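Some notes on the structure that comes next.
Heads up: numbering here begins at 1 and tracks the sequence. Since this is a predicted model, take the numbers as computed values, not measurements. When a ligand or atom number is given, it counts from 1 through the structure's own listing order.
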Amino acid sequence: MATQRLPYPVLRRPAPRTEARLSSAPSLLQVLRPSLPPAAELLPYLEEIDQRRWYSNSGALVVRLEDQLSRHLGFSSHGVITTVNATLGLTVALMARRVPTGSVCLLPSWTFAATPHAVRAAGLIPWFIDVDRRTWALNPDQVTEELKRMPRPVSALVVVSPFGAPIDIKAWEQFEDHTGVSVFVDAAAAFDTTHPSRLPFVVSLHATKILGAGEGGFIACTDSQFLERVRACCNFGFQGSRNANLAALNAKMSEYHAAVALASLASWPGTRRRHVEIMEWYRCGVSRLDRVSLQPKYGHGWVSGTTSVLLPPRTRERVSQTLLKSGIETRLWWGTGCHTQPAFIDCPRCSLPVTDELGGRVLGLPHFPDMRKQDVDAVVNSVSEALSSRTSVRRQIA
Ligand code: T4K
């Protein structure tokens with residue numbers, strides 16, 4: 001994202017207190033250590049809430065947040081509705097676009113459990129299809145081919161941005177035009193790559209995400225009529241009266257969560273710079289490793305709040321155990337694919353060879369805003385040692 005004048009005040013955060021973390025903290029290098037705005041930055045917003053005594057139901061801070069997010073993302077008019085989290089945001093988006101209940105919704109199995117849970121909660125049948133190994137995301141041409149072989153009609157499709165990577169919006173808009181299948185974007189981790197589109201983008205503001213509110217999310221879309229229905233679907237189906245006109249939920253964001261999100265947004269330029277730096281360190285470090293690669297197009301003009309690597313086959317357990325012995329936590333952010341999880345074992349699916357491969361080889365490495373270069377070096381060295389089967393690896397704490 002190019003440097004631009006921001007339509008909201010930018011707060012300066014104190015330098016990260018890494019020394020405090022290292023002295024008081026556990027020797028474990030956490031896989032993620034969220035850093036949300038400190039109390040002092042929240043106070044002005046909390047005082048506003050106290051004064052107004054307005055705590056939820058489209059309060060002033062929620063309205064301000066939606067306005068600032070719309071402008072930040074480049075919408076020419078109002079383009080954002082906040083939600084209680086991204087999981088319910090996705091369910092609400094499916095409901096508001098009137099995808100017929102009981103119909104099939106295609107989605108990748110290579111995603112977090114939230115995606116199929118949200119699809120089911122909207123009354124649809126989640127049907128897993130495979131991702132493209134070149135992007136770790138669905139590919140519109142491959143899905144078009146898959147559609148020809150589907151035994152049942154498909155009414156919707158959820159494209160998932162893998163760990164914040166950009167997806168090809170134009171190609172998906174064309175896919176929607178050609179197939180009549182309604183396309184939704186699970187952009188939970190993709191705050192940095194969300195752009196105005198008539199396809200609904202659903203972004204998470206969970207504490208572990210790159211822009212955090214504790215819990216929260218938003219739906220971004222250029223279709224104002226759809227957004228009106230989203231607003232109603234987040235609020236019991238009410239449209240100007242207390243009559244429930246639409247199938248709906250309560251998925252509204254509270255003023256308190258909007259306060260945290262506003263403070264986070266004000267600090268976004270600094271947060272983004274930190275992630276650019278961390279991703280550059282990882283890029284340099286991982287490029288020195290044999291047979292290990294970062295996720296496709298990692299950090300090419302975008303930032304993520306997580307770092308995942310593709311390891312050589314059958315080495316992941318050894319690598320994660322070696323890192324753990326060195327005091328470095330890792331995580332399988334998306335497990336071995338949703339189709340292997342008990343809650344989704346009965347979901348219909350196409351063949352999923354790429355998902356099975358990624359599910360067996362991808363490992364999430366530590367990544368958080370106050371990470372230092374020596375932390376990244378320690379992680380990379382540990383991976384290197386694990387792969388060269390050396391023992392007695394100790395993390396260097398400078
Ligand atoms: N779609 C996709 C593709 C998603 O990845 C997600 C969420 C969603 C939809 C749904 O978005 P939301 O409905 O959540 O808005 C985490 C997050 O809870 C989840 O938001 C995220 N994806 C998923 C990939 O990961 P856990 O269960 O792995 O998080 P947890 O609690 O183990 O924390 C991870 C690390 O962070 C640990 O080292 C502990 C540390 N941590 C965590 C929290 C919450 C802290 O130090 N402080 C904290 O406050 O799910």
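Residue Leu32 touches ligand 1 through backbone and side chain together, judged by heavy-atom distances below 4.0 Å. The part of Ala188 lying near ligand 1 is the side chain, judged by heavy-atom distances below 4.0 Å. Only the side chain of Thr115 comes within 4.0 Å of ligand 1, counting heavy atoms alone; its backbone N, CA, C and O stay farther away. At a heavy-atom distance under 4.0 Å, only side-chain atoms of Thr111, from C-beta outward, approach ligand 1. When heavy-atom distances to ligand 1 are checked against a 4.0 Å cut-off, Glu215 has no atom that comes that close, whether in backbone or side chain.
Across all non-hydrogen atoms, the minimal contact from Ala386 to Val319 is CB-CA, 3.8 Å.
When hydrogens are left out, the protein atom nearest atom 42 (C) of ligand 1 is Thr208 CG2, 3.9 Å; that is the closest non-hydrogen contact. Considering only non-hydrogen protein atoms, atom 26 (P) of ligand 1 sits nearest to Arg331 NH1, 3.7 Å. Here the heavy atom of the protein found nearest to atom 21 (C) of ligand 1 is Lys209 NZ, 2.9 Å. With respect to atom 45 (C) of ligand 1, the closest heavy atom belonging to the protein is Pro34 CD, 3.2 Å. Protein heavy atom in closest approach to atom 50 (O) of ligand 1: Phe112 CZ, 3.9 Å.
Short contacts between ligand 1 and Gln30, defined as distances under 4.0 Å to a heavy atom of the residue, involve ligand atoms 38 (O), 40 (C), 46 (O). Near Gly216, meaning under 4.0 Å from one of its heavy atoms, ligand 1 places the atoms 15 (O). Those atoms of ligand 1 with a heavy atom of Val31 less than 4.0 angstrom away are 38 (O). Ligand-side atoms of ligand 1 in range of Ala114: 8 (C), 9 (C), 10 (C), range being under 4.0 angstrom from any heavy atom.
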Inset, instruction - Could you give me the CA-CA distance, side-chain angles and deciding distance for Arg198 and Asp177, then say whether salt bridge (charged side-chain N to carboxylate O under 4.0 Å, His left out) is met? - result: CA-CA 11 Å; Arg198 63 159 209 261; Asp177 289 339; 2.8 Å; yes
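Among residues two or more places apart in sequence or in another chain, the salt bridge (Lys or Arg N to Asp or Glu O under 4.0 Å) test is passed with Arg361 by Glu357.
There is no protein heavy atom less than 4.0 angstrom from atom 31 (O) of ligand 1.
For the pair Cys234/Thr83, a side-chain contact is recorded, criterion being any heavy-atom separation below 4.5 Å from C-beta on.
Under a hydrophobic clustering in which Ile, Leu, Val, Met, Phe, Trp and Tyr are joined whenever their side-chain heavy atoms come within less than 4.5 Å, directly or via other members, Leu332 and Tyr282 fall into the same cluster.
Under a 4.0 angstrom heavy-atom cut-off, Trp334 registers as being in contact with ligand 1.
For atom 15 (O) of ligand 1, the nearest non-hydrogen atom from the set Gly89, Gly305, Gly364, Ser204 belongs to Ser204.
The distance criterion of under 3.5 Å between nitrogen or oxygen atoms is not met by Arg33 with respect to ligand 1. The shortest N or O to N or O distance between Ala86 and ligand 1 is under 3.5 Å.
Residues Ser197 and Glu173 have side chains that bring a donor and an acceptor to within less than 3.5 angstrom of each other.
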